[in-house]
Amino acid sequence: MKFLHLVRTVATVLPEVEKPNKKVQFNEKVMWTASALLIFLVCCNMPLFGAQHAISSDPYYWVRVILASNRGTLMELGVSPLVTSGLVMQLLAGARMIEVDYNSKEDRALFTAAQKLVGILVTVAQAAAYVLSGMYGDLGALGAGNALLIVAQLFMTGLIVLMLDELLQKGYGLGSGISLFIATNICENIVWSAFSPTTITTGRGTEFEGAVIAFFHLLVTRSNKLEALREALYRQNLPNVTNLMATVLVVLCCVYFQSWRIELPVKYHRYRGQDGKYPIKLFYTGNMPIVLQTALVSNIYFVSQMAYTKAPSNVLVRLLGVWKESGVEGSSTTFQMPVAGIAYYISPPTSLTEIVYDPFHAVFYLLFTLTACAIFSKTWCEVSGTAVRDVARQMREQQIVIRGHRDTATGRTLSRYIPTAAALGGICIGMLTVVADFMGAIGSGTGILLSVTIIFEFYEAFMKENYAGAMKQMGLTGI
């Protein structure tokens with residue numbers, strides 16, 4: 001019996017969003033998308049009831065922005081359970097440990113249900129682990145009632161996020177909920193780092209957190225303008241103008257590479273005389289390689305920190321990661337920083353000085369990120385219905401052929417481009433991420449790559465809706 005068949009009984013009781021029984025108009029999609037975003041923002045700013053002051057450092061500090069997480073609020077877990085469940089199921093399917101026939105409607109539905117079930121289980125497990133680790137205060141001081149209440153709040157919020165994501169993906173909105181929430185969180189972080197009016201007292205005096213505001217404030221208040229300019233450009237522990245310039249440069253590079261594509265000339269047998277183009281983008285698998293790589297790293301971080309807190313002298317635990325508490329100058333925010341072990345080597349170097357001091361760390365991080373992105377890109381291509389065989393079957397069903405080739409040669413022609421685009425695209429995304437991290441870009445290289453690719457996906461979805469509307473008016477809805 002297939003593993004997926006074991007999920008059939010559970011699938012009947014899992015919450016589900018029904019597919020729309022008619023085409024959802026563009027204005028309705030915008031409304032549903034905006035409503036989902038509003039619910040997400042409310043959850044991001046609503047504190048957890050029953051939680052005490054968190055005295056422990058933040059175990060998810062490095063990946064909160066990327067996972068759309070906000071500490072101490074209902075959105076504590078962010079999209080981490082969904083991304084983790086997707087990572088687990090896609091890898092199991094890619095490794096053929098789970099048999100999935102993507103041509104079977106039943107198998108596709110059961111696979112989605114299994115992924116949803118894993119997401120719910122991961123939500124419960126992460127919520128319980130957060131409470132037991134003392135993130136919301138000592139467990140004895142919290143009491144069983146408050147502990148269960150916090151777990152219940154995190155579970156319900158995780159369920160809401162799951163349903164919002166399914167709502168948008170079922171066609172009621174644009175894109176996916178995961179992408180929407182991640183992009184919003186990253187853009188908010190970048191804007192805040194650039195224009196935050198919050199003041200922080202450091203050893204150099206009171207400074208503004210936002211890089212742009214601090215730049216003008218330092219130039220106006222300091223008598224030595226050259227020293228003020230140097231500090232605004234290179235100040236440590238707070239966003240500076242150099243970080244902001246690096247962010248803009250990386251964004252421009254991402255936008256440039258987004259336009260790289262090969263367009264294969266095609267013709268439609270169903271509509272005689274109609275020609276078109278089938279684009280194969282360099283970023284063929286979109287942002288999924290970096291999303292899956294982030295999910296992998298974040299879970300290694302979490303497991304390593306939990307184990308190090310309980311048994312810091314254990315050899316295997318120290319091999320996985322050694323952690324040291326750190327913080328931002330003038331701020332009460334503390335976080336754990338990896339200083340040795342696997343967790344250290346898969347984390348980005350924090351400065352150019354660290355790259356010079358420990359070049360092996362920089363090289364290992366570079367190779368790890370590039371390899372992981374390339375593997376995840378090819379794996380996602382195979383299991384997401386965008387592999388050569390899947391595209392060739394879709395073109396055959398829609399009676400689309402590549403101009404100058406026979407119908408039977410479609411797969412062979414596509415195989416010259418799609419596997420290369422998947423692997424090379426994953427490597428390019430990984431390289432841009434590493435370069436952004438080395439340059440100290442705001443929001444991390446991963447965050448910038450995610451935000452740009454996600455915004456492009458929403459832009460393409462917007463243009464596709466407009467194109468579909470224009471084709472409908474022309475009576476060419478099937479094209």
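Position 1 is the first residue of the sequence, and the numbers go up from there.
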S.K.: In terms of ring plane angle, is the pair Phe181 and Phe40 parallel, tilted or perpendicular, where the classes change at 30° and 60°?
M.R.: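 It falls in the parallel class, under 30°.
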
S.K.: With no hydrogens and no angle check, is any side-chain donor or acceptor of His361 less than 3.5 Å from a backbone partner on Ser347?
M.R.: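 Such a contact is found between His361 side chain and Ser347 backbone.
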
S.K.: Does the side chain of His217 come under 3.5 Å of the side chain of Glu207 through a donor N or O and an acceptor N or O?
M.R.: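 The criterion, which ignores hydrogens and geometry beyond distance, is not satisfied for Glu207 and His217.
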
S.K.: Does Arg230 reach the main-chain N or O of Tyr234 with its side chain, forming a donor-acceptor pair under 3.5 Å?
M.R.: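 Here the side-chain-to-backbone pair does not exist.
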
S.K.: Whether the side chain of Asn240 engages the backbone of Asn243 through a donor-acceptor N/O pair (distance < 3.5 Å, no angle test) should be reported.
M.R.: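 Yes, Asn240 side chain to Asn243 backbone: donor-acceptor pair under 3.5 Å.
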
S.K.: Is there a side chain to side chain contact (heavy atoms under 4.5 Å, CB included) between Leu432 and Cys253 once you walk through the steps?
M.R.: CA-CA 8 Å; Leu432 284 171; Cys253 288; 4.1 Å; yes

S.K.: Taking everything shown except Lys170 itself, do over 12 heavy atoms lie less than 6.0 Å from its NZ?
M.R.: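 For Lys170, atom NZ is crowded (more than 12 foreign heavy atoms under 6.0 Å).
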
S.K.: Just to verify, which of Leu74, Ile39, Asn70 counts as forming a side chain to side chain contact (heavy atoms under 4.5 Å, CB included) with Cys44?
M.R.: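 It is Asn70, the one option of Leu74, Ile39, Asn70 that forms the side chain to side chain contact (heavy atoms under 4.5 Å, CB included) with Cys44.
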
S.K.: Salt bridge check, Lys116 against Glu166: does any charged N sit closer than 4.0 Å to a carboxylate O?
M.R.: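 Answer for the salt bridge query: yes.
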
S.K.: Please say whether more than 12 non-hydrogen atoms of neighbouring residues, nucleotides or ligands are located less than 6.0 Å from CE in Met163.
M.R.: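 Yes, because the 6.0 Å sphere around CE of Met163 holds more than 12 heavy atoms from other groups.
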
S.K.: Give a yes or no on whether the backbone of Cys187 and the side-chain of Ser451 come within a donor-acceptor separation of less than 3.5 Å.
M.R.: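 A pair under 3.5 Å: no.
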
S.K.: Going by atom types only, do Asn45 and Thr73 share a side-chain donor-acceptor pair under 3.5 Å?
M.R.: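 No donor-acceptor contact under 3.5 Å links the two side chains.
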
S.K.: May I ask you to check whether Tyr344 and Asp358 show a side-chain donor-acceptor distance below 3.5 Å?
M.R.: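 Present: a donor and an acceptor within the cut-off.
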
S.K.: Are side-chain N/O atoms of Tyr136 and Glu76 paired as donor and acceptor at under 3.5 Å?
M.R.: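 Present: a donor and an acceptor within the cut-off.
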
S.K.: Quick check against the 3.5 Å criterion: does Ser85 have a side-chain atom that pairs as donor or acceptor with the backbone of Leu82?
M.R.: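 Such a contact is found between Ser85 side chain and Leu82 backbone.
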
